[in-house]
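First the structure, in the form of structure tokens, and then the observations on it.
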Amino acid sequence: MSTTPAKIIHQSIERDWRDVYDFAGKPENMPLWASGLASGLEPHGADWIARGPLGTIKVSFVPANEFGVIDHTVTIESGLRVYNALRIVPNGDGCEVMFTLLRLPGMTDAQFFADAAHVEKDLAMLKALMER
């Protein structure tokens, strides 16, 4: 058994964790802060569909829960499935948003660092929206 390199990217937000979870956990809000889904998400049964540079992707979310978990699996047209762990955790009167980025097989260091920078930018946008 082996693991791949991972990086936990987090952002502190000065807003109650439940507010952040309620906003960030709605797929229809994700295009407002998650630039990889900027084309929008359309409901498709229990899943959501987005269209973009990688073609049509399917996004499957865990059910709404009381733990701040917004984990989701992204499946691209090639069949590659990417599991994304996204958590909203209380921190005082605010919260921490944490995304676990897993390095995909064949990904170069430059690609992994670029992917991490992309997630950092997205979480900064979520912070800006939630702290208005």
Side-chain angles (χ1 to χ4, degrees):
M1 184 182 306
S2 65
T3 61
T4 61
K7 178 177 174 77
I8 297 173
I9 302 163
H10 75 94
Q11 178 69 64
S12 299
I13 297 180
E14 297 295 327
R15 181 97 178 244
D16 185 84
W17 76 272
R18 289 171 289 258
D19 293 340
V20 177
Y21 174 78
D22 288 343
F23 179 83
K26 289 183 178 153
E28 56 268 35
N29 288 340
M30 286 196 159
L32 300 174
W33 62 274
S35 58
L37 300 172
S39 67
L41 288 167
E42 302 168 12
H44 184 74
D47 300 316
W48 293 77
I49 300 294
R51 290 169 179 73
L54 297 175
T56 300
I57 63 169
K58 178 176 81 168
V59 185
S60 305
F61 292 92
V62 298
N65 59 79
E66 61 194 74
F67 306 108
V69 175
I70 311 174
D71 292 4
H72 52 286
T73 302
V74 175
T75 306
I76 61 175
E77 284 185 354
S78 69
L80 175 66
R81 295 181 67 202
V82 180
Y83 180 75
N84 296 298
L86 177 60
R87 312 293 164 93
I88 314 296
V89 178
N91 181 358
D93 293 332
C95 66
E96 296 295 319
V97 179
M98 297 177 290
F99 184 96
T100 303
L101 179 65
L102 301 174
R103 185 172 176 164
L104 299 175
M107 186 178 264
T108 67
D109 287 345
Q111 290 169 319
F112 187 59
F113 294 136
D115 213 6
H118 187 81
V119 172
E120 289 170 0
K121 180 181 166 195
D122 288 349
L123 296 185
M125 175 59 76
L126 179 60
K127 176 183 177 75
L129 289 170
M130 296 309 303
E131 291 185 353
R132 283 186 182 170

How many angstroms lie between [atom1] in [X] and [atom2] in [Y], if you round to the nearest 0.5 Å?
X     : Y      : atom1 : atom2 : answer
Glu14 : Lys127 : CD    : NZ    : 6.0 Å
Arg15 : Arg132 : CZ    : CZ    : 10.5 Å
Asn84 : Leu101 : CG    : CG    : 8.0 Å

Identify, with sequence neighbours excluded, every residue that meets salt bridge (charged side-chain N to carboxylate O under 4.0 Å, His left out) alongside Asp22.
-> none
Report the residues that fulfil salt bridge (charged side-chain N to carboxylate O under 4.0 Å, His left out) with Lys121, sequence neighbours left out, ordered by chain and then residue number.
->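 Applying salt bridge (charged side-chain N to carboxylate O under 4.0 Å, His left out) to Lys121 gives none.
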Is [Y] reachable from [X] through a run of I, L, V, M, F, W or Y residues, each pair having side-chain heavy atoms under 4.5 Å apart?
X     : Y      : answer
Leu86 : Ile9   : yes
Val97 : Leu102 : no
Phe67 : Val62  : yes
Ile76 : Tyr83  : no

Flag side-chain contact, heavy atom, 4.5 Å: Phe23 against Leu32 = yes
Answer yes or no: is there a side-chain heavy-atom contact under 4.5 Å between Ile70 and Met30?
-> yes
Members other than Met98 in its cluster, when Ile, Leu, Val, Met, Phe, Trp, Tyr link by side-chain heavy atoms under 4.5 Å?
->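 Under the 4.5 Å side-chain rule, Met98 groups with Ile8, Val89.
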Who else is in Ile49's hydrophobic cluster (ILVMFWY, side-chain heavy atoms under 4.5 Å, direct or via others)?
->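 Under the 4.5 Å side-chain rule, Ile49 groups with nothing.
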Quick one: salt bridge (charged side-chain N to carboxylate O under 4.0 Å, His left out) pairs with a partner in residues 42-54, sequence neighbours left out?
-> Glu42-Arg51, Asp47-Lys58
Locate the shortest heavy-atom distance separating Glu66 from Trp17; write the atom from each residue and the value.
->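 Nearest heavy atoms, Glu66 then Trp17: O-CH2, 3.4 Å.
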Mind listing the closest non-hydrogen atom pair of Ala50 and Leu41 along with its distance?
-> CB-CD2, 3.6 Å
According to the side chain to side chain donor-acceptor pair (under 3.5 Å) rule, which pairs have a member within residues 91-106, sequence neighbours left out?
->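 Non-adjacent pairs meeting side chain to side chain donor-acceptor pair (under 3.5 Å): His10-Glu96, Ser12-Glu96, Asn91-Glu96, Arg103-Asp109.
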